Amino acid sequence: MMRQPIYGKADTVVVLDFETTGLSPTEGDRAIEIGAVLIENGEVTDRFQQLMNPGRRISRFIEQYTGITNHMLRDAPPCEQVMQNFAEFIGDYDMVAHNASFDRRFLNAEFDRIDCGYSGQFACSMLAARRIYQEAPNHKLQSLVRYKNIQNNGVFHRALADAEMTAHLWLTMVHEITEQYDIASVPFSLMQKLGKTAKSSVQNYLTRFSQDVDQSGKFSSGGSGLG
DNA sequence: TGCCAGGCCCTCTTTAGGGCCTT
């Protein structure tokens, strides 16, 4: 019997990556590029990429780290304009990012500047990967891409390239969970909570989750407490 | 190359400290 997807909307997420002038928006750092992909039904169906002018020069370190130069940013539209367009792209979809706390801070900071709210939730591919791939050499995006042989064009630290690789890492993790635990789909909330589950409890957590999904694809009562 | 910060995790912890990850 073919099971229906558990959560329609939960299967649709936007995977996001920022390139920025530094690490902390509270210290004045700004976004300089945003890249994102839309995942629907396990496939990338749309993309968003835009350089943005932060209103000041970026450091040589950032130029070398990202390959984005001051010359490239000189004629880019301002952050406010790009973020307005991005708000329309993401709607209220839930978001995924690698080390999501970083991208969430910049998203909130840039949205605050244009009085734009975001009501969706974030999940972190790095926290999930730390649970699922505990044997990986480390959990940097670039390392995980190589570790799982995820398709890439050799470009790292550019927003759309990193978002694409994060998306494929995300889909790889979801796919491996469905295969290993014989479940029809993995809801966003499961991946979100997986990242906050103690490493030693991950296997029990996923086993319990798979047992809580009945034949109709819905959770039975008193189960893993997802939702 | 790596500092700046913040959030999370782990442990030789919880009355704390250090590592990881993001740019």
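All figures in this text were calculated on a predicted structure; none of them were measured in a lab. Numbered from 1 within each chain, the chains take letters A, B, ... in sequence-line order.
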- Considering residues at least two apart in sequence or located in another chain, which fulfil the salt bridge (charged side-chain N to carboxylate O under 4.0 Å, His left out) criterion with A:R56? A:D29
When you measure from the side chain of [X], which nucleotide among [options] comes out closest?
{"X": "A:L23", "options": "B:dG6, B:dT22, B:dC20", "answer": "B:dT22"}
{"X": "A:Q64", "options": "B:dA5, B:dT1, B:dC9", "answer": "B:dT1"}
{"X": "A:H98", "options": "B:dT23, B:dC21, B:dG6", "answer": "B:dC21"}
{"X": "A:K199", "options": "B:dC9, B:dT1, B:dT22", "answer": "B:dC9"}

Looking across every strand, which nucleic acid part, if any, lies under 4.0 Å from [X] by heavy atom: base, sugar-phosphate, or nothing?
{"X": "A:R131", "value": "sugar-phosphate"}
{"X": "A:T21", "value": "nothing"}
{"X": "A:N138", "value": "sugar-phosphate"}

Distance check, [atom1] atoms only: [N] and [M], in whole angstrom units.
{"N": "B:dC3", "M": "B:dG18", "atom1": "P", "value": "15 Å"}
{"N": "B:dC12", "M": "B:dG19", "atom1": "P", "value": "14 Å"}
{"N": "B:dC20", "M": "B:dC4", "atom1": "P", "value": "15 Å"}
{"N": "B:dT13", "M": "B:dT1", "atom1": "C1'", "value": "33 Å"}

- Item | Sub-6.0 Å ring centroid separation between A:F209 and A:Y205 | no
- Message: Using a strict threshold of under 4.0 Å (side-chain N to carboxylate O), is an ion pair present between A:E63 and A:R57?
- Response: no
